[in-house]
Trainee: 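Pasting a structure here, questions to come.
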Amino acid sequence: QSALTQPRSVSGSPGQSVTISCTGTSSDVGGYDYVSWYQHHPGKTPKLIIYDVSERPSGVPDRFSGSKSGNTASLTISGLQAEDEADYYCCSCTGISTYVFGTGTEVTVL
Amino acid sequence: EVQLVDSGGSLVQPGRSLRLSCTNSGSTFGNYALTWVRQAPGKGLEWVAFVRSKYYGETTEYAASVKGRFTISRDDSKGIAYLQMNSLKTEDTALYYCARLYYYYFDYWGQGTLVTVSS
């Protein structure tokens with residue numbers, strides 16, 4: 001199972017919006033509405049920020065939103081803030097009851 | 001509240017074995033699946049394995065990269081999940097996290113335990 005494809009890095013100024021794509025296949029992202037996203041600050045524990053494509057856990061700011069079209073899921077961070085600078089990973093279940101993460105995207109706040 | 005604590009990581013030679021533990025110091029996790037995720041130095045997250053709850057027979061699933069070498073298990077009476085790692089390879093060097101698999105996502109994570117495979 002190959003990792004889902006994400007851009008290596010994206011950047012934006014405070015207040016701007018950035019979108020991270022996560023491309024898989026019909027056997028993972030495209031086949032199920034079970035894409036989740038994780039924020040990972042280096043040296044800390046990954047944090048769930050989106051589940052089931054577009055649902056936000058309680059406590060996660062509504063600046064974070066998720067969507068999906070075909071085999072590609074997306075995470076949008078609106079109103080970028082300094083604390084959003086981190087690595088972001090998508091994850092999807094697969095048709096063979098396994099999970100696959102994306103390659104990861106480094107978000108830089110300029 | 002679910003609070004997971006990972007332990008057991010160390011320096012080990014290639015070909016040897018190691019067992020990691022994931023202890024729940026909060027409420028029982030007996031009703032949920034548990035998973036291990038790892039991150040090699042300078043690399044991204046990689047899903048490793050998960051074990052379903054007793055209700056679903058404690059059945060297991062593995063990533064292709066560890067299948068046949070790693071075994072995940074759980075002891076709900078002790079609130080512990082294990083990852084038995086055999087025939088370790090240098091490419092297994094990573095920070096290993098346990099996490100609760102709630103439906104189809106990982107909502108609570110341990111702090112991670114470092115495994116270094118080197119001669």
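Below, read A as the first sequence line, B as the second, and so on, with proteins coming before strands; counting in each chain starts at 1.
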Trainee: Please determine whether residues B:Leu101 and B:Tyr97 belong to a single hydrophobic cluster, defined as Ile, Leu, Val, Met, Phe, Trp and Tyr linked transitively by side-chain heavy-atom distances below 4.5 Å.
Mentor: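 They do share one cluster, since a chain of ILVMFWY contacts under 4.5 Å joins B:Leu101 to B:Tyr97.
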
Trainee: Could you check which of A:Gly102, A:Gly104, A:Ser36, A:Ser97 has the highest count of heavy-atom pairs closer than 4.5 Å to chain B?
Mentor: A:Ser97

Trainee: Would you confirm whether the ring centroid of A:Tyr99 sits within less than 6.0 angstrom of the ring centroid of B:Phe106?
Mentor: yes

Trainee: Return the minimal non-hydrogen interatomic distance between B:Gly44 and A:Tyr89, and the atom names on each side.
Mentor: CA-OH, 3.4 Å

Trainee: Any chain of hydrophobic side-chain contacts (each under 4.5 Å) joining B:Ile72 to B:Val2?
Mentor: yes

Trainee: Measure B:Tyr102 against the heavy atoms of chain A and call it side chain, backbone, both or neither at under 4.5 Å.
Mentor: neither

Trainee: Among B:Gln111, B:Glu46, B:Glu61, single out the residue with the greatest number of heavy-atom pairs under 4.5 Å to chain A.
Mentor: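 Going by pairs under 4.5 Å, I would pick B:Glu61.
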
Trainee: Verify the cluster assignment for A:Ile20 and A:Val100: are they in a single hydrophobic cluster under the rule of side-chain heavy atoms below 4.5 Å apart?
Mentor: yes

Trainee: Can you name the closest pair of heavy atoms from A:Thr98 and B:Trp47 and give their distance?
Mentor: CB-CZ3, 3.4 Å

Trainee: Please tell me whether A:Val35 and B:Tyr104 are part of a single hydrophobic cluster in this structure, the criterion being side-chain heavy atoms less than 4.5 Å apart.
Mentor: no

Trainee: Decide yes or no on side chain to side chain contact (heavy atoms under 4.5 Å, CB included) for B:Val37 and A:Phe101, but give the supporting numbers first.
Mentor: CA-CA 10 Å; B:Val37 173; A:Phe101 278 94; 3.8 Å; yes

Trainee: Does any backbone or side-chain atom of A:Tyr38 lie under 4.5 Å from a heavy atom of chain B? Answer side chain, backbone, both or neither.
Mentor: side chain

Trainee: Given a strict heavy-atom distance threshold of 4.5 Å, which part of B:Leu95 is in contact with chain A: side chain, backbone, both, or neither?
Mentor: neither

Trainee: With a 4.5 angstrom heavy-atom cut-off, which part of A:Pro57 approaches chain B: side chain, backbone, both or neither?
Mentor: neither

Trainee: Would you compute the distance between atom CG of A:Leu48 and atom CH2 of B:Trp109 and round it to the nearest 0.5 angstrom?
Mentor: 9.0 Å

Trainee: So for B:Phe50, is it side chain, backbone, both, or neither that comes closer than 4.5 Å to the heavy atoms of chain A?
Mentor: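 For B:Phe50, side-chain heavy atoms alone lie under 4.5 Å from chain A.
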
Trainee: Measure the spacing between CG of B:Asp6 and OG1 of A:Thr45 and express it to the nearest 0.5 Å.
Mentor: 8.0 Å

Trainee: For the candidates A:Cys93, A:Ser92, A:Pro46, A:Pro42, which exhibits the highest count of non-hydrogen atom pairs separated by less than 4.5 Å from chain B?
Mentor: A:Pro46

Trainee: Above 12 or not: heavy atoms from other molecules or residues under 6.0 Å from CZ of A:Phe64?
Mentor: yes

Trainee: Where does B:Val48 contact chain A at under 4.5 Å (heavy atoms): side chain, backbone, both or neither?
Mentor: neither

Trainee: In this structure, would B:Leu34 and B:Ile80 fall into the same cluster of hydrophobic residues linked by side-chain contacts under 4.5 Å?
Mentor: no

